[in-house]
Amino acid sequence: MDLLIAALQVTVSPVTLIAIFSGCLLGVIFGAIPGLTFTVAMALVVPMSFALDAAPAIGLLLGTYIGGMTGGSVSAILLGIPGTPSAAATVLDGYPLTRHGKASLALGTAVVASAFGGFVSLIIMMFSVDFVAGLAMRFGPAETFGLLIFGLSTICGLSAGSIVKGLIGAIIGLMVMTIGVDEMSGMQRLTFGTITLQQGINILVAMIALFAVPHVIDAFVQHYRSDRELNELADVRAELPSIRDLARNFWLMLRCSLIGTGVGAIPGTGGPIAAFLAYAHAKKTSKTPEKFGQGAMEGVVAPETANNAVTGGAMIPLLSLGIPGDPATAILLSGLLIHGLIPGPMLFLEHSLEIYEIYLAIVAAYAFVVAIQLLGIRFFVQLLRVPAHLLAVGIVIMCGYGAFTIRNSVFDVVAAAVLGAMAYGLNRARIPLTPIILGLVLGPSIEREFRTAMILSEGRLDIFYTSVPAAGFLLVAFLIVGIQLFKSVRAYFAKSSPKVKSDASTQSN
């Protein structure tokens, strides 16, 4: 209790609170701008933390991390362009809600769901850090590969009723992410002898292309056809979900918090995987799955809850084992090491006060993020007042700059334009973009974990079915695909049978 009081005194000091607030604000801004992710923001604030004491320095980094995880939902909901890869699943129902005039409610719901997921993951982290860390360490390449295949199988539930189109989209996503130089062998793949293609397609560039460019093209097409609709936003305010809505989605948020925490605790996974797994879970357990993709509030609640629950889950292996799960936590690890906090089992014994300070800094960060988001909703939605074609011009500039700054490469800007034009054509062909996104997000991890597992087993496939978790994930994935195929075949024959009967009756007459 004395340590908790001492940590509270340090956390509520003006310097620490200002540092946490500054990090949250910077994270929200960078997370909301496509291309400028919160990882970039964290890299920028690391040098600033050198001159600070440990508590405000770690608070600054944690605030940027947490603010960035929630900030991606702003552009995802308002513009249909995810500010971060983790917010890609939020677009699927968040943007349709905006088009239905529910932008404020969607943003308010996303804020509440994000805070809920973050707090639940923090509680789990505090009380089960040793257990969860030990469980996560049992996930080797084979187990992680099984989990990722299970995540990829969710394309069956996200393919707009056509498993064939879903598989086509997933294959396109997997192919795009194989472009470049193989990290393990150094071989060139799909580069066609072009030097610029050797750097591959960055996932953020692909996200900008898939979401921003088709949106811009549609805006200009609608403008020149003069059939665009003007948004009436005379009375825009921060709108929170009602107690009744929260109660109805409570168990969904709790389950998605567990999904996000579990996925976050496994190194090499991260927010995008957790968000899509939660979205697929919400759709499968919903009584009205047909509303998903059309503006279902559960489609915002589930990914945002899981996405932010990843923060607490990722801190478990980071603090207890010193293993960062993604680039953001790797930067956070560097901040801890700079200030003499060496992650591992001894950290909880030798630096108990600092551990409590980290817990309280996370609580303060989520409180600040909620305040920033709620106060900012009124200003965020003013973007919808701008005519669509003029807003599209701003989006082009913002996304072009964001694509360039990722790697300071003009090739990334050209790649975004080319992939965006292809995405527009796929939209016209009614091939869903969600499986493509899943292929982009999961493809590199699937390949890396599979090849690592094969190296460890010296080329034997038994590593995948002798491990109970790996075999379980793969079995469930195959069941999901099989059930969806059965439903698709049954639906096809159900549609064709009335036509056969009508033809037969016509011939008899």
Side-chain angles (χ1 to χ4, degrees), residues 34-35 72 76 80-82 84-92 144-145 147-183 189-192 197 199-215 263 268-280 283 293 303 326 399 403 406 412 415-451 477 480-481 484:
I81 306 169
T84 62
S86 301
T90 307
V91 175
L92 304 179
T144 305
F145 172 78
L147 174 64
L148 295 174
I149 291 295
F150 168 71
L152 192 61
S153 70
T154 59
I155 62 170
C156 300
L158 303 172
S159 304
S162 174
I163 188 173
V164 175
K165 290 183 177 180
L167 290 173
I168 291 173
I171 292 172
I172 291 173
L174 292 171
M175 290 178 63
V176 169
M177 293 311 294
T178 58
I179 297 174
V181 177
D182 180 22
E183 296 179 356
R189 302 186 298 187
L190 301 179
T191 59
F192 305 102
L197 282 175
Q199 61 185 307
I201 305 297
N202 184 274
I203 187 171
L204 291 175
V205 173
M207 291 292 179
I208 291 173
L210 289 175
F211 289 105
V213 177
H215 177 83
V263 172
T269 51
I273 296 173
F276 277 106
L277 285 176
Y279 185 87
K283 185 173 182 179
D326 53 30
C399 292
I406 293 171
D412 286 337
V418 173
L419 289 175
M422 292 175 58
Y424 182 76
L426 292 173
N427 270 334
R428 301 289 292 180
R430 297 190 177 184
I431 294 178
L433 294 182
T434 305
I436 301 178
I437 300 165
L438 273 175
L440 292 171
V441 172
L442 302 182
S445 299
I446 288 176
E447 181 186 15
R448 181 181 63 252
E449 300 300 332
F450 175 80
R451 295 175 68 178
I480 291 174
V481 174
Q484 187 64 28

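Computed from a predicted model, the values in this text were never measured in an experiment.
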Under the ring pair (Phe, Tyr, Trp, His ring centres under 6.0 Å) rule, collect the residues that match up with Y424, sequence neighbours excluded.
none
Residues in side-chain hydrogen bond (donor to acceptor under 3.5 Å, both in side chains) with R451, at least two apart?
D182, E447
Taking side-chain hydrogen bond (donor to acceptor under 3.5 Å, both in side chains) as the test, write out the residues that go with T178, two or more places apart.
none
Does [X] have any side chain to side chain contact (heavy atoms under 4.5 Å, CB included) partners at least two apart in sequence or in another chain, and if so, which?
X	result
I168	V164, I172, I431
I179	L190, L197, I201
A278	C256, A302, A306

Roughly how far, to the nearest 0.5 Å, is CZ of F450 from CD1 of I149?
9.0 Å
Going from CG on L210 to CD1 on I436, what distance comes out if it is rounded to the nearest 0.5 angstrom?
6.0 Å
Nearest atoms (heavy-atom pairs only) where [X] meets [Y]:
X	Y	value
A206	L419	CA-CD1, 4.4 Å
A87	G72	CB-O, 3.4 Å
A423	A209	CB-O, 4.1 Å

